[in-house]
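First comes the structure, then the notes that go with it.
Bear in mind the structure is a predicted one, so any value in this text is a computation, not a measurement.
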Amino acid sequence: MNKLSKKAEDLLTEVLEHRNEKGNCDIQYWKQRFDALTVEEDMVLRSLFKELKDNDLIKILWADDVPYILVVLGKGLTYFETKENTESTPTTIYTNNFNGDVSNVQIQQNSDGMQIQTYEQPIDLEKVNQLINELNKFDYYFDEIYGNEDANKIRQYRDELSSEIKSNKNFAKVKKLINLIKNITINVSAGLIKEGVLQLISKIGV
């Protein structure tokens, strides 16, 4: 199950709360809701509806720029219950402990024991700069996509990455920062920004 952003979860709760006794969504409520929004608020709300739709939680059709069909699907009805069960289930983490920083390590197991092979992959600095530019372009939406805490981490890693590329070019640190950005982005809900960032990272080759 993909975890929604906090604001998308709030919207799902709002949708669930504004249904009649038959479970149908109150379309009049949403018409009034959209009529009262500023242009910026309207764009944000539409992006959150898209997040719910992309995760197969709702079905929504638009007319005159407002929802005229809005249905909560099965995954939407059980989202919070599934999330609670997932978060309460303990996970087992297996850890390999190495002394010092390890990057690009391949471990092979054979009859003679374990072999560790290391190899270096080149980094395409032009693509790293493209990643930085992409992150700069969508900075405005970070809080919506990542949530406040992770958004600030993404900004910090991006700025450190930009500084590293311009000055030291410590490729080990560059790879580490890119992987930190990747690990946070993987866990956000599907969307064009997520897909764009992950696609660029995959082309860098870390």
Side-chain angles (χ1 to χ4, degrees), residues 1-15 30 33-62 65-67 79 83 103-104 120-206:
M1 180 191 75
N2 288 330
K3 185 178 179 181
L4 297 173
S5 65
K6 177 63 170 63
K7 291 199 172 182
E9 287 186 346
D10 291 343
L11 177 60
L12 179 57
T13 298
E14 187 177 359
V15 171
W30 291 107
R33 179 91 153 76
F34 273 93
D35 287 345
L37 298 177
T38 64
V39 173
E40 181 179 336
E41 291 169 339
D42 184 284
M43 291 177 62
V44 170
L45 186 56
R46 289 176 192 277
S47 71
L48 295 175
F49 268 116
K50 184 178 185 303
E51 184 176 340
L52 297 182
K53 180 177 181 291
D54 288 346
N55 281 279
D56 297 323
L57 303 178
I58 64 168
K59 179 177 181 179
I60 184 169
L61 297 176
W62 301 82
D65 286 333
V66 297
Y79 172 82
K83 178 187 174 186
S103 172
N104 296 320
E120 280 298 324
Q121 287 182 313
I123 293 181
D124 189 328
L125 295 182
E126 182 179 347
K127 287 187 171 61
V128 175
N129 280 317
Q130 287 178 10
L131 173 63
I132 293 168
N133 291 335
E134 186 84 357
L135 293 171
N136 285 334
K137 182 167 66 173
F138 293 110
D139 185 287
Y140 177 82
Y141 302 100
F142 281 1
D143 290 329
E144 297 296 332
I145 298 169
Y146 295 103
N148 277 98
E149 183 177 348
D150 283 343
N152 289 332
K153 288 181 182 179
I154 291 289
R155 292 185 178 106
Q156 176 189 337
Y157 300 150
R158 175 202 60 197
D159 293 344
E160 289 182 21
L161 184 60
S162 178
S163 175
E164 201 62 44
I165 290 297
K166 292 175 182 176
S167 55
N168 301 323
K169 292 186 173 64
N170 181 334
F171 291 140
K173 186 173 181 182
V174 168
K175 291 179 181 180
K176 179 180 178 181
L177 289 166
I178 292 173
N179 278 314
L180 288 170
I181 293 170
K182 175 182 177 181
N183 291 338
I184 293 176
T185 303
I186 283 173
N187 292 318
V188 303
S189 299
L192 293 177
I193 295 176
K194 173 182 178 178
E195 292 172 7
V197 169
L198 293 180
Q199 186 176 28
L200 280 172
I201 290 175
S202 70
K203 291 180 179 178
I204 293 170
V206 298

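For D65, there are no salt bridge (charged side-chain N to carboxylate O under 4.0 Å, His left out) partners at least two apart in sequence or on another chain. Residues meeting the side-chain hydrogen bond (donor to acceptor under 3.5 Å, both in side chains) test with Q156, sequence neighbours left out: E160. The side-chain hydrogen bond (donor to acceptor under 3.5 Å, both in side chains) search around R33 returns E14, not counting sequence neighbours. In terms of the side-chain hydrogen bond (donor to acceptor under 3.5 Å, both in side chains) criterion, residue partners of D10 (sequence neighbours excluded) are, by chain and number, K6. Applying the salt bridge (charged side-chain N to carboxylate O under 4.0 Å, His left out) criterion to R46, with sequence neighbours excluded, gives D42. Scored by the ring pair (Phe, Tyr, Trp, His ring centres under 6.0 Å) test, F34 finds W62 as partners (sequence neighbours excluded). Residues passing the side chain to side chain contact (heavy atoms under 4.5 Å, CB included) test with I145 are Y141, V188, I193, sequence neighbours excluded. Take D56 and apply the side-chain hydrogen bond (donor to acceptor under 3.5 Å, both in side chains) test, not counting sequence neighbours, and it matches no residue. By the side chain to side chain contact (heavy atoms under 4.5 Å, CB included) test, N129 pairs with I132, I165, sequence neighbours left out. Residues satisfying the salt bridge (charged side-chain N to carboxylate O under 4.0 Å, His left out) test with D159, not counting sequence neighbours, are none. Taking the salt bridge (charged side-chain N to carboxylate O under 4.0 Å, His left out) definition, one finds that K53 meets it with nothing, sequence neighbours left out.
Nearest heavy atoms, T38 versus E41: N-OE1, 3.0 Å. The two residues Y79 and N2 make their nearest non-hydrogen contact at CE1-O, 3.9 Å. Here the shortest heavy-atom pairing between K194 and I186 reads NZ-O, 3.0 Å.
Side-chain contact between I181 and L135: present, with at least one pair of heavy atoms (C-beta onward) separated by less than 4.5 Å. Within the 4.5 Å cutoff, side-chain heavy atoms of N136 are placed close to those of R158. Residues V66 and W30 form no side-chain contact, since every pair of their non-hydrogen atoms from C-beta on lies 4.5 Å or further apart. No side-chain heavy atom of E51 sits under 4.5 Å from any side-chain heavy atom of L57.
How far CG of L48 is from CD of E144: 5.5 Å, rounded to the nearest 0.5 Å. Rounded to the nearest 0.5 angstrom, S163 OG and N170 CG are separated by 11.5 Å. K137 contributes atom NZ, which lies 10.5 Å from atom CD of Q130 (distance to the nearest 0.5 angstrom). For the atom pair L131 CG and I204 CD1, the distance stands at 4.5 Å (nearest 0.5 Å). Distance CD1/I178 to CG/N183: 12.0 Å, rounded to 0.5 Å. Taken to the nearest 0.5 Å, the CD1 atom of I184 stands 4.0 Å off from the CD1 atom of I154.
Within the structure, ring-ring contact (aromatic ring centres under 6.0 Å, His included) pairs that include any residue of residues 145-166 comprise F142-Y146 (at least two apart or interchain).
Environment of CD in E149: sparse, with no more than 12 heavy atoms of neighbouring residues, nucleotides or ligands closer than 6.0 Å.
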Check the pair D139, R155 against side chain to side chain contact (heavy atoms under 4.5 Å, CB included), reporting the backbone distance first and the verdict last. CA-CA 8 Å; D139 185 287; R155 292 185 178 106; 3.1 Å; yes

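Counting only distance, with no hydrogens or angles, the side chain of K182 and the backbone of L198 share no donor-acceptor pair below 3.5 Å.
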